[in-house]
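Order of appearance sets the numbers: ligands from 1, and atoms from 1 within every ligand. Please read these numbers as outputs of a predicted model, since none were measured by experiment.
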Amino acid sequence: MKITVIGLGYLGATHAVAMAKLGHEVIGIEPDDAKRESLAKGELPFYEPGLDKALVEVIKQGNIDFKRSHDEGSKAAELHFICVGTPQKIGSNEADTKYLFSAIEGLAPQLSEDSVVVGKSTVPVGTAADLTAYLANLTGFEPKLAWNPEFLREGTALEDSLNPDRIVIGTEDDFAEQKIREVYKPITDQYNTPILITDIPTSELVKAAANSFLATKISFINAMAEIAEVSGADTVKLAEAIGMDERIGKQFLRNGIGFGGGCLPKDIRGLIARAEQLGVGQAVGFLTEVDEINLRRRSRVTELAVNELDDPKGKKIAVLGAAFKPDSDDLRDSPALSIALELANKEAQVFIHDPEAYEQLSKNQPTLHAREDISEVLKDAELVILGTEWKQYKALDPAKLSVKNKTMIDGRNVLNREAWEKAGWKLISLGRG
Ligand SMILES: NC(=O)c1ccc[n+]([C@@H]2O[C@H](COP(=O)([O-])OP(=O)(O)OC[C@H]3O[C@@H](n4cnc5c(N)ncnc54)[C@H](O)[C@@H]3O)[C@@H](O)[C@H]2O)c1
């Protein structure tokens, strides 16, 4: 099928490549020149395992084309996927939907009555209705607009797109439903992927609800960590014990410095804001607490660091990891980066390493000392903080690390306490009394 993918960030670039890999003819629309030109050259503008190779492959096959804005080519497309950002508004919890409206504005002249517009961005419930009215006004006919939320996880984005655990399609239009089923047919045929057809508001709410649930689970175990720290309990053991109950499950129960990234924080805040607008703010009042527990974990690490160093001013601190999660270079609302910046703010000399985010750090974080070589970050450090659980940090040999002071705050509870203590380190874990 001929399709357009509008907005080529983490979601859109992955979706465009995945669709091209399935054999569809894809036109990717991206106004950011640097991003688009990099993609057109076969160079992924961000780190995502496996996506770089797949991009080169689909370019070679001639299945993908990149454009700054729509042209005649878009008119022939049957489906138009909207993948633009919906960031948190500055000074408010609300999601900013302005990019969706501008994407719709650019798309409108290309549409015919048979075109299907498919939203994939995460949006406040009710957005699709506003977009439909806006689009109808621009086109002069009733547009076919469906919502198809995306559940990919950075780090495994391509695999998640090509083999999702479910496909949710919010539409009441049979033609739109058939077209979307057709585009995903290679996936559903191969993996028997369940397709859930819902009304549009449900499909909009699914993603915010899923992310709110996951965030709640993480903050739940981090709340237990706060209790453990003052009562002598061990949150790692606690999580193991409760996670064995299959109604609870083990995933998302590792305590640490909490969640971040471009989705979870803004999605829970967006849901709080939308529920308040709808007059049911109390329904998700608990999400404010989820957010606060999460942010308190970052302050806890800063507090531990200050306690260890007395006064951090002028002292060298090594922070291992900057991305919000391993296998990604996404620094948006990253707990590790936020801790590093907070300590730099207290005038510590913060040296930071990340296997994939070095360039972004050295370009955009002038108060931090980013280094490509981990030994330069560690050398003479008076304190080390593990902020992102990259596998190379988990594999570090504590006996071979050269620092000034062998003190490590394990922000992710991934280091082997026995091995580190045996090598002479003081290992400070979160959630252990
Ligand atoms: N990143 C993820 O893991 C992920 C997963 C699932 C869902 N989502 C959702 O997907 C959406 C996009 O997220 P992202 O992380 O890819 O954001 P992003 O900021 O990386 O990418 C958004 C892209 O849209 C482009 N854009 C803005 N206005 C445009 C327009 N009018 N026309 C065409 N392109 C335009 C921007 O230049 C940018 O490249 C968000 O709603 C997010 O919540 C993200």
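- Looking at every heavy atom in both residues, Leu430 comes nearest to Gly411 through CD1-O, 3.9 Å.
- In terms of protein heavy atoms, atom 21 (O) of ligand 1 is closest to Gly9 CA, 3.2 Å.
- Distances shorter than 4.0 angstrom occur between a heavy atom of Cys83 and an atom of ligand 1.
- For the pair Phe286 and Val284, the minimum side-chain heavy-atom distance is below 4.5 Å.
- Atoms of ligand 1 lying under 4.0 Å from at least one heavy atom of Ala103, given by number and element, are 31 (N).
- Of all the heavy atoms of Val123, none lies under 4.0 Å from any atom of ligand 1, so neither backbone nor side chain is involved.
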Name each donor-acceptor pair under 3.5 Å that joins a side chain in residues 9-18 to protein atoms two or more places apart or in another chain, with its distance.
{"from": "Tyr10", "atom 1": "OH", "to": "Asp329", "atom 2": "OD1", "distance (Å)": "3.2"}
{"from": "Thr14", "atom 1": "OG1", "to": "Tyr10", "atom 2": "O", "distance (Å)": "2.5"}

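- Protein heavy atom at the shortest distance from atom 22 (C) of ligand 1 is Gly85 N, 3.4 Å.
- By the side-chain contact (heavy atoms from CB on, under 4.5 Å) test, Thr193 is found to be paired with Pro164, Ile167, Ile187, Thr188, Tyr191, residues two or more places apart in sequence or in another chain being considered.
- Annotation: atom 1 (N) of ligand 1 to nearest protein heavy atom, Glu154 OE2, 2.8 Å.
- Among the atoms of Thr86, some N or O lies under 3.5 angstrom from an N or O of ligand 1.
- When each atom of ligand 1 is checked for a heavy atom of Tyr99 under 4.0 Å away, the hits are 27 (C), 28 (N), 31 (N).
- Of all the listed residues (Pro87, Pro31, Ala34), Pro31 holds the heavy atom that lies closest to atom 34 (N) of ligand 1.
- By the 4.5 Å heavy-atom criterion applied to side chains, Ile339 and Glu342 are not counted as neighbours.
- In terms of polar-atom proximity, Asp267 is not counted as a contact of ligand 1, lacking any N or O under 3.5 Å from an N or O of the ligand.
- No side-chain heavy atom of Ile82 sits under 4.5 Å from any side-chain heavy atom of Trp147.
- The distance from ligand 1 to the heavy atoms of Lys207 drops below 4.0 Å at these ligand atoms: 6 (C).
- Of the protein's non-hydrogen atoms, the one nearest atom 4 (C) of ligand 1 is Cys263 SG, 3.4 Å.
- Close contacts between ligand 1 and Ser102 involve ligand atoms 31 (N) [criterion: under 4.0 Å to a heavy atom].
- For Gly262, the closest heavy-atom approach to ligand 1 does not fall below 4.0 Å.
- Between Lys266 and ligand 1, at least one pair of N/O atoms sits closer than 3.5 Å.
- Residue contacts with ligand 1 leave out Lys120, since none of its heavy atoms falls under 4.0 Å from the ligand.
- Counting non-hydrogen atoms of neighbouring residues, nucleotides and ligands closer than 6.0 angstrom, the CZ atom of Arg153 reaches no more than 12 such neighbours.
- Closest to atom 32 (N) of ligand 1, if we only count protein heavy atoms, is Ile6 CG2, 3.7 Å.
- Nearest protein heavy-atom contact of atom 16 (O) of ligand 1 is Leu11 N, 2.8 Å.
- Between Tyr134 and Glu105 the shortest side-chain heavy-atom distance falls below 4.5 Å.
- For the pair Gln360 (side chain) and Leu331 (backbone), a donor-acceptor distance under 3.5 Å is absent.
- From the protein, the heavy atom lying nearest to atom 5 (C) of ligand 1 is Leu152 O, 3.6 Å.
- Among all non-hydrogen protein atoms, the one lying nearest atom 25 (C) of ligand 1 is Glu30 OE1, 3.4 Å.
- For a threshold of 3.5 Å applied to N or O pairs, the pair formed by Arg332 and ligand 1 contains at least one separation below that value.
- In this structure, the side chains of Lys207 and Glu150 stay at 4.5 Å or more apart for every pair of heavy atoms.
- Contact of the Leu343 side chain with the Ile385 side chain is registered, since non-hydrogen atoms from C-beta on lie closer than 4.5 Å.
- Annotation: cation-pi pair Arg166/Phe151 present, NZ/CZ under 6.0 Å from the ring centroid and within 45° of its normal.
- Between Lys35 and ligand 1, an N or O atom pair is found at a separation short of 3.5 Å.
- Side-chain contact between Ile257 and Arg412: present, with at least one pair of heavy atoms (C-beta onward) separated by less than 4.5 Å.
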